[in-house]
Each structure stands twice: as C-alpha cells, then as structure tokens.
*Asks:* 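Below is one structure. I have some questions about it.
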Amino acid sequence: MLNQVEISDVLTNEQNMGLSEIGRLDKQLFQRFKGKFVVQPSLSRLLVSFQANKTRPVYRWYKFKEAFSASLVEHLFHKYGINAGRILDPFAGSGTALFAASTMGIDADGIELLPIGHEIITTKQILDAEFTSEDFERLRQWSALRVWEQWEMGVPLPELRITQGAYPEKTKEAIEKYISAYQRENSRVQSVLRFALLCVLESVSFTRKDGQYLRWDHRSGRTHGKKIFDKGEIPEFEQAICEKINEILEDVSPDHQTTLFPVEKLQGQIRLYDGSCLQILPQLPDSAYDAIMTSPPYCNRYDYTRTYALELALLGMDEQGLLRLRQEMLSCTVENRAKDLLSINPRWTTALVAADEQELLQVILKYLEDRKAQGALNNNGIPRMVRSYFYEMACVIAECARVLKPNALLFMVNDNVRYAGASVSVDIILADIAEKLGFRVEHILVLPNGKGNSSQQMGEHGREALRKCIYVWRKS
C-alpha cells in the first residue's frame with residue numbers, strides 16, 4: 001500500500017507526463033503553422049484593446065473593456081483591402097467593428113447577446129440619425145440646470161443580489177431622481193440620458209470590473225478576504241453625469257463640426273441582431289459577407305454577467321434572466337452547462353467531428369479531467385468550460401465559413417490561456433479546426449509582447465508569456 005509521499009510522487013509523475021505530451025503535440029502543431037506566424041511591431045496591446053478608444057470621440061463614451069479599438073479595424077481593413085461590401089461581427093460587443101466599418105463606407109451586421117452592447121450601439125445610431133437640434137438643446141439644459149435635482153422623489157433603482165449596496169446612499173438617491181426625471185423626456189432624449197447613466201455607473205459605485213467578478217471597495221462593507229481594495233476617490237454623481245453628457249455633446253453636437261462621428265457622417269448601414277450567435281448565425285444566408293471582424297469571449301473564465309451586473313440591473317435584468325443570459329453566452333465561465341449543439345443545428349456534425357479529431361485539444365481535455373479527478377484544480381468546472389468553448393467555437397467557425405463569400409477574410413482577436421500548468425494554444429488549435437471547416441490560414445499576427453499568466457499560475461508554474469494574436473483566415 002502506497003503512503004502519502006509515494007501517492008504524491010505518482011500524481012506528480014502523471015502530471016509531468018501529461019504536460020510533456022501536451023508540450024510535444026503543441027510543438028508539433030506549431031511547426032505546421034510556423035510559417036504563418038508574423039510578429040507585428042505595429043500591433044500594440046493598446047491597439048488590440050479598448051485603450052486606444054479612450055481618447056477617440058464617440059468610441060470613448062462607454063468603457064467596454066473587452067473591445068478592440070477602431071484603429072485596429074481601420075489598420076486591418078486598409079492592410080488587407082477591405083473597402084466595400086458588407087462585413088459581419090458575430091460578437092459585436094459595443095459595436096466598434098460596426099461603426100469603424102460604417103465610417104469607411106462599408107455596411108456592417110452585428111450579433112450581440114448582452115443588453116449593454118445593444119444599448120451602446122442603438123444609442124449611437126439614435127444620436128447620429130434621429131437626434132434633432134431641439135434634442136441637443138435639451139441635453140445641454142440637463143447638464144447646465146441639473147434637471148433631476150428638481151425632483152423630490154425618485155423611482156427605485158433596479159438591483160440584483162450582486163449589485164446591492166453598490167453605491168453610496170447619496171449617489172443612489174441622485175440616480176433614482178435622475179431616472180425619474182428622464183422618463184418624462186421624449187424617447188430619443190430618454191435613450192441618451194439612460195446611456196449616459198450607464199456610462200458612469202461603475203465610476204460612481206463601490207465596484208470595479210475585474211475580469212471574473214466585480215471587485216468591491218472596502219467602504220461598501222462587502223469586502224472579502226484579507227486584501228483590502230481601495231478604489232480611490234469616487235466622484236459625486238452630479239459631477240460624473242454632467243461630464244459624460246458634455247462629452248457626448250462635444251463629440252456629436254452639430255455645434256462641434258470637427259468631431260462628428262468622428263469627422264464624417266456614417267456612410268455604411270448598420271444592422272444589429274439580438275441574441276446568441278449560435279442561434280442567429282445559422283439563420284444568415286450563405287456567402288453573404290465580404291469579411292468578418294470579431295473577437296469572441298476568451299477561454300479565460302471571465303463572466304460578463306457579473307462584471308456588467310450594474311448595467312444589466314439598470315436595464316431590467318432579473319435573477320432568472322441573468323442565469324439564462326449566462327447560459328446562452330459562448331461557454332467561457334465555469335458555470336456554463338454544456339449545450340446540446342446538435343439540437344441547435346443538426347448541420348454541425350462536421351464541426352463537432354473537427355473538434356473531436358483535434359489531437360492537442362483532446363490531450364489537454366484528458367489532462368484537465370485527470371487533474372480534476374486528483375482534486376488538483378481550483379474549480380472542477382474548468383474541464384467542462386474548456387471543452388465547451390472549443391466545440392462551440394468550432395460551430396461558430398463553420399458558420400462563419402458558410403456565410404462568407406469565396407476568398408473572403410476573417411479577422412479574429414483572441415488570447416491563449418493556461419490551466420493547471422498546461423498552456424492552451426487557442427490560436428493553433430482553432431487554426432487546425434478552421435482548416436477542416438473551409439478556411440485556410442493566411443497569417444497569425446502576433447503582438448510583440450506576450451501576455452503574462454495569472455499570479456496563481458505564475459506562483460506554481462513560473463512566468464511564461466502567452467501569445468496574443470490576431471488570426472487572419474481566408475475562406476477556401
């Protein structure tokens with residue numbers, strides 16, 4: 001009978017053997033695509049994230065941290081000659097690809113599940129196409145006169161369990177008066193005032209978005225653990241909302257001709273579909289798009305239903321709706337249950353077989369299941385999440401190939417990840433699957449500086465940079 005030390009040695013040997021096999025297959029697959037990797041010094045993390053939008057008119061209003069920049073879309077479209085037709089973003093987010101394409105004269109369709117994404121996109125469209133000079137003047141009055149302060153009573157602020165106690169009491173009262181007041185405006189002004197409120201919710205709250213969850217300032221009374229988080233100065237609601245309204249006016253008011261969207265009127269038509277791309281993509285016609293520009297959720301456990309909980313609550317999401325939304329999302333959290341993909345679309349058999357036959361993926365999944373059986377994972381939902389992510393992405397890739405015109409390009413921003421010491425090369429695994437589903441890999445554009453691990457992974461397995469890439473695939 002083995003003692004505890006011997007059992008530990010056996011488990012360590014099994015782990016090392018599993019990691020060794022993953023490393024061998026990873027190296028083998030990398031060699032196959034080695035000629036496709038191109039390090040691009042011009043592709044900074046600033047360009048491939050929201051950061052480059054922070055000072056750009058219109059795009060700067062709402063801090064959608066998972067977005068890429070409008071400059072990236074322009075860079076790629078110019079580089080690869082995308083200058084006409086219609087493009088698609090199956091994970092539209094805040095609409096960066098849609099608006100950037102539109103200002104280039106390209107029609108753009110987007111699919112987005114999160115209500116906050118819809119609110120951002122539709123409000124920008126209202127401001128550009130429907131707002132009148134009287135509406136702009138009303139916005140100025142709201143900022144100058146602080147109209148909401150004239151209301152004695154507000155309407156109750158919608159909350160979820162996760163958002164209770166998110167604001168200082170004075171701020172909460174001001175928000176409730178603000179909501180009550182804007183409900184008396186016409187639908188256009190009401191939409192923009194609600195959007196401005198969504199833009200400042202995080203800044204005036206005790207919370208900060210932190211990937212997998214909301215981080216709570218110690219002043220909220222909701223902090224957990226030993227490490228105290230101090231968010232710093234929390235602005236007064238009146239200051240924050242007036243600055244946001246003024247920023248919107250500065251960017252799109254007819255009185256500021258130099259910054260209107262951002263210089264020209266929108267040229268291309270924007271069409272937005274509400275729902276999961278797994279549900280909507282199969283309904284789109286064959287060979288309809290001249291390019292796809294997108295960034296799916298990464299396989300990194302980020303739960304957007306938690307990080308965007310303040311916004312979702314304001315937009316009327318209840319607890320059951322939150323659970324449904326989390327399940328409908330592309331599987332990227334440990335709480336996602338496996339989806340019955342063939343019941344969504346029986347034509348996805350080929351896509352699922354492509355994932356079944358991806359050898360590196362299957363070895364990674366076996367390794368994670370083994371680590372789960374040994375009690376070595378910090379969450380037992382990780383193997384299910386990783387499996388679901390790749391199988392669902394295989395279905396998305398198959399649909400993208402179907403809806404693209406022959407020889408059309410797909411651009412995808414994505415990250416590699418690591419779990420239990422195993423590097424998961426999302427870029428080459430998806431590239432291999434894509435080549436079985438109607439694409440050929442044109443380039444894998446690599447940022448010059450890789451992405452670090454989580455502190456947990458670094459502590460146990462050492463720091464090793466992970467590739468951050470933009471995939472460029474061409475429909476065969």
Side-chain angles (χ1 to χ4, degrees), residues 26-27 29-53 56 59 65-83 87-93 96-98 100-101 104 106 108 289-300 360 389-390 393-394 396-397 400-401 404 407-418 423-452 464-476:
D26 187 277
K27 185 176 181 180
L29 190 59
F30 178 83
Q31 286 300 316
R32 188 178 137 207
F33 289 107
K34 186 176 180 180
K36 305 296 184 181
F37 281 95
V38 180
V39 177
Q40 290 276 306
S42 59
L43 293 179
S44 65
R45 291 189 68 83
L46 188 75
L47 199 66
V48 186
S49 72
F50 172 78
Q51 296 302 312
N53 282 343
R56 186 158 177 166
Y59 296 95
K65 295 183 178 179
E66 290 73 31
F68 44 71
S69 71
S71 299
L72 176 66
V73 181
E74 293 160 354
H75 171 80
L76 291 172
F77 282 16
H78 285 309
K79 180 180 175 68
Y80 289 94
I82 312 297
N83 51 32
I87 66 107
L88 172 69
D89 186 348
F91 302 95
T96 297
L98 310 185
M104 298 171 71
I106 303 168
Y289 294 99
D290 297 276
I292 289 175
M293 174 77 211
T294 197
S295 180
Y298 301 162
C299 187
N300 59 6
L360 174 57
Y389 182 85
F390 281 99
M393 279 300 297
V396 170
I397 290 167
C400 287
L404 278 173
N407 287 315
L409 288 169
L410 176 148
F411 306 96
M412 183 187 296
V413 181
N414 209 333
D415 264 7
N416 290 351
V417 294
R418 177 179 286 109
S423 293
V424 182
S425 295
V426 179
D427 48 13
I428 53 178
I429 292 173
L430 290 183
D432 186 47
I433 290 172
E435 290 202 331
K436 293 181 172 71
L437 297 175
F439 285 102
R440 65 178 184 272
V441 175
E442 189 112 331
H443 296 121
I444 301 175
L445 306 178
V446 185
L447 271 69
N449 297 313
K451 180 173 71 80
E464 178 187 340
L466 298 169
R467 289 189 301 272
K468 185 175 181 70
C469 302
I470 301 170
Y471 317 154
V472 184
W473 303 338
R474 189 178 294 276
K475 182 175 177 178
S476 300

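Positions are given from 1 along the sequence. If you're wondering where the values come from, they're calculated on a predicted model, not measured in any experiment.
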*Asks:* Minimum heavy-atom separation for Ala97 and Val73, please, with both atom names.
*Replies:* CA-CG2, 4.0 Å
*Asks:* So do the side chains of Met393 and Leu430 get within less than 4.5 Å of each other, counting heavy atoms only?
*Replies:* yes
*Asks:* Hey, what do you get for NZ (Lys65) to CG (Asn53), rounding to the nearest 0.5 Å?
*Replies:* 14.0 Å
*Asks:* Is it the case that the side chain of Lys475 and the backbone of Ala408 share a donor-acceptor pair, with hydrogens and angles ignored and the cut-off at 3.5 Å?
*Replies:* no
*Asks:* For Val48 and Leu72, work out which heavy atoms get closest and say how close.
*Replies:* CA-CD2, 4.2 Å
*Asks:* With a 4.5 Å cut-off on side-chain heavy atoms, are Pro448 and Gln40 touching?
*Replies:* no
*Asks:* Is Phe439 close to Leu410 at the side-chain level, that is, under 4.5 Å between some pair of heavy atoms?
*Replies:* yes
*Asks:* Do the non-hydrogen side-chain atoms of Ile444 and Val472 ever get within less than 4.5 Å of each other?
*Replies:* no
*Asks:* If you round to the nearest 0.5 Å, how far is SG of Cys469 from CG of Leu445?
*Replies:* 8.0 Å
*Asks:* Is there a donor-acceptor contact under 3.5 Å linking the side chains of Tyr80 and His75?
*Replies:* no
*Asks:* Go through the side-chain N and O atoms of Arg418 and Ser423 and say whether any donor and acceptor fall under 3.5 Å apart.
*Replies:* yes
*Asks:* Keeping the roles fixed (side chain from Tyr59, backbone from Ala100), state whether a donor-acceptor pair exists under 3.5 Å.
*Replies:* yes
*Asks:* Closest heavy-atom contact between Ile82 and Met104?
*Replies:* O-CE, 4.0 Å
*Asks:* Applying ring pair (Phe, Tyr, Trp, His ring centres under 6.0 Å), name anything that partners Phe33, two or more places apart in sequence or on another chain.
*Replies:* none
*Asks:* So, taking the atom named CD1 in Ile429 and the one named CG in Asn414, what distance separates them when rounded to the nearest 0.5 Å?
*Replies:* 11.0 Å
*Asks:* Using 0.5 Å steps for rounding, measure from the CG atom of Leu47 to the OG atom of Ser71.
*Replies:* 6.0 Å
*Asks:* So which heavy atom on Thr96 is nearest to which on Ala70, and how close?
*Replies:* CG2-N, 3.4 Å
*Asks:* Under the rule for ring pair (Phe, Tyr, Trp, His ring centres under 6.0 Å), what residues qualify as partners of Phe68, not counting sequence neighbours?
*Replies:* none
*Asks:* So how far is it from Tyr289 OH to Leu88 CG, rounded to the nearest 0.5 Å?
*Replies:* 5.0 Å
*Asks:* Between Arg474 and Asn407, is there a donor-acceptor pair closer than 3.5 Å when you use the side chain of the first and the backbone of the second?
*Replies:* yes
*Asks:* Decide yes or no for Leu43 and Ile470: does some side-chain heavy atom of the first lie under 4.5 Å from some side-chain heavy atom of the second?
*Replies:* yes
*Asks:* Side-chain contact, heavy-atom cut-off 4.5 Å: Ile292 with Asp89?
*Replies:* no
*Asks:* Check whether any side-chain heavy atom of Ser295 lies under 4.5 Å from a side-chain heavy atom of Glu66, and answer yes or no.
*Replies:* no
*Asks:* Would Asp415 and Val426 count as a side-chain contact (heavy atoms from CB on, under 4.5 Å) if you check the C-alpha gap in whole Å, the side-chain angles of each, and the deciding distance to 0.1 Å?
*Replies:* CA-CA 7 Å; Asp415 264 7; Val426 179; over 6 Å; no
*Asks:* Please give me the minimum heavy-atom distance between Ile428 and Leu29, naming the atom from each residue.
*Replies:* O-CD2, 3.6 Å
*Asks:* Between the side chains of Arg32 and Glu435, is the shortest nitrogen-to-carboxylate-oxygen separation below 4.0 Å, so that they form an ion pair?
*Replies:* yes
*Asks:* Using the test ring pair (Phe, Tyr, Trp, His ring centres under 6.0 Å), find all partners of Phe91 that sit at least two apart in sequence or belong to another chain.
*Replies:* none
*Asks:* Identify the two heavy atoms, one from Ala431 and one from Val441, that lie closest to each other, and give their separation to 0.1 Å.
*Replies:* CB-CG2, 3.7 Å
*Asks:* Working to the nearest 0.5 Å, report the span between CG of Leu409 and CG of Leu404.
*Replies:* 8.5 Å
*Asks:* Can you tell if the side chain of Trp473 reaches within under 4.5 Å of the side chain of Met412, non-hydrogen atoms only?
*Replies:* yes
*Asks:* Look only at the side chain of Tyr389 and the backbone of Pro297, and say whether a donor-acceptor pair between them is shorter than 3.5 Å.
*Replies:* yes
*Asks:* Under 3.5 Å, is there a donor-acceptor pair linking the side chains of Arg56 and Ser69?
*Replies:* no
*Asks:* For a quick check under 3.5 Å, do Asp427 and Asn416 share a side-chain donor-acceptor pair by atom type?
*Replies:* yes
*Asks:* Tell me if the aromatic rings of Phe37 and Phe30 count as close, with their centers under 6.0 Å from one another.
*Replies:* yes
*Asks:* What do the steps show when you test Tyr298 against Lys468 for side chain to side chain donor-acceptor pair (under 3.5 Å), and what is the final call?
*Replies:* CA-CA 11 Å; Tyr298 301 162; Lys468 185 175 181 70; 3.2 Å; yes
